[in-house]
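In what follows, a structure is listed as structure tokens, so that the remarks can point back to it.
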Amino acid sequence: MSGSGPVAAANAADTTLTAALLPSRSLLFYTLTATVPIAVIAAALLFLRLRPAALMFLSIIGAVVSAGALGRILADLTLDIAGYPDYKLPVWAVFYLIVYVAVFFTFVYFAMHLSAPGVYFGGISESNPRVAFVDALYMSLANYINAAPDPTVIVRTQSGRYMAVLQGYLSMFINVVIITKFVNSF
């Protein structure tokens, strides 16, 4: 009678849970692309006195890295959900998606602000780039969860408004991918 009953069900559940939570391949690429761009811009803002053009360049590089990593993890998740064992990711890897989207739009908003302070957005610090970056992060996080930011933060141009809408659509898509991954894993 081996292989049946509550013990077998518990073993099957343990196997499913272990497969869903433990990575079967290295996630170093995702970890580095999620953290290094933020660490670089944070170090530049905290320890260096860079011109706005240099900070804008770093922001553009950070946005490109985040967009590329987002594309790669979406491709890998698609193959994972389709059942390819070489692309198996743990269920918690979907949080990289959230990080990539939030960081990408943070860098875009920050670069837009640095290119023309006060033109695209109002309520973002024009005198202190550190505060402006935190404000851009706040805008990105608020837009990700589709919450209206503080009324003092104003989007003044159509390009800024459409960036917020694009982020909203992208976050809805990411949420569907996350739900699919969770359902597929268990």
* Assess whether side chain to side chain contact (heavy atoms under 4.5 Å, CB included) is satisfied between I174 and L70, documenting all intermediate values. => CA-CA 10 Å; I174 295 300; L70 176 65; 4.1 Å; yes

* Does the pair I178 and I98 meet the rule for a side chain to side chain contact (heavy atoms under 4.5 Å, CB included), with working shown? -> CA-CA 9 Å; I178 290 169; I98 297 168; 3.9 Å; yes

* Show your working on side chain to side chain contact (heavy atoms under 4.5 Å, CB included) between V36 and V65 and close with a plain yes or no. => CA-CA 9 Å; V36 169; V65 168; over 6 Å; no

* To do: Dump the intermediate steps for side chain to side chain contact (heavy atoms under 4.5 Å, CB included) on M56 and H113, then the final yes or no.
  => CA-CA 9 Å; M56 190 170 74; H113 171 72; over 6 Å; no

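Placement of L27 and V91 within a single hydrophobic cluster is found when ILVMFWY residues are connected by side-chain heavy-atom separations under 4.5 Å, directly or transitively. Side-chain heavy atoms closer than 4.5 Å link hydrophobic residues (I, L, V, M, F, W, Y) into clusters, and following such links, even through other members, never connects M139 to I154. By the rule that hydrophobic residues join a cluster once side-chain heavy atoms approach within less than 4.5 Å of another member, L166 and L97 end up as members of one cluster. Note on F104: it clusters hydrophobically with L74, by side-chain heavy-atom contacts below 4.5 Å among ILVMFWY residues. Residues F57 and F133 fall into different hydrophobic clusters, defined by Ile, Leu, Val, Met, Phe, Trp and Tyr side chains chained together at heavy-atom separations under 4.5 Å.
Side-chain contact between S59 and I41 is present, with heavy atoms from C-beta onward closer than 4.5 Å. Residues F121 and D135 have side chains not in contact (no heavy-atom distance under 4.5 Å, counting atoms from C-beta outward). Residues P129 and L45 are in side-chain contact: their nearest non-hydrogen atoms beyond the backbone lie under 4.5 Å apart. Using a 4.5 Å cut-off on side-chain heavy atoms (C-beta onward), F107 and I38 make contact.
Here the NZ-CD1 distance, from K88 to I81, works out to 9.5 Å after rounding to the nearest 0.5 Å. Summarising the geometry, atom CG belonging to N146 is positioned 6.5 Å from atom CE belonging to M172; distances are rounded to the nearest 0.5 Å. Once rounded to the nearest 0.5 Å, the distance linking CE of M163 with CZ of F105 reads 4.5 Å. In this structure, the separation between CD on E126 and CG on L114 is 11.0 Å, given to the nearest 0.5 Å. Remark: L58 CG to F110 CZ distance equals 9.0 Å, nearest 0.5 Å. Of the inter-residue distances, the one linking I60 atom CD1 with M112 atom CE reads 11.5 Å to the nearest 0.5 angstrom.
Put simply, the side chain of S140 never gets that close to the backbone of A136: no donor and acceptor are under 3.5 Å apart. Panel note: side chain D80, backbone L89; a donor-acceptor pair is recorded below 3.5 Å. In this structure, N184 contributes its side chain and T180 its backbone to no donor-acceptor pair below 3.5 Å.
More than 12 heavy atoms of other shown residues, nucleotides or ligands fall within 6.0 angstrom of atom CZ in F29. More than 12 heavy atoms of other residues, nucleotides or ligands shown are found within 6.0 angstrom of OH on Y138. More than 12 heavy atoms of other residues, nucleotides or ligands lie within 6.0 Å of CZ in F182, so this atom counts as buried by the packing criterion.
When all heavy atoms of L55 and A44 are compared, the pair lying nearest together is CD2-CB, 4.3 Å. Looking at every heavy atom in both residues, N128 comes nearest to S125 through N-OG, 3.1 Å. Between A102 and L141, the closest heavy-atom pair is CB-CD2, 3.9 Å.
Looking at residues two or more places apart in sequence or on another chain, you find a side-chain contact (heavy atoms from CB on, under 4.5 Å) between A116 and V119, Y120.
A cation-pi contact links R72 to Y30, judged by a cut-off of 6.0 Å to the six-membered ring centre and 45° from its axis.
Partner Y96 forms a side-chain hydrogen bond (donor to acceptor under 3.5 Å, both in side chains) with one of T33, T31, D76 and no other, that one being T31.
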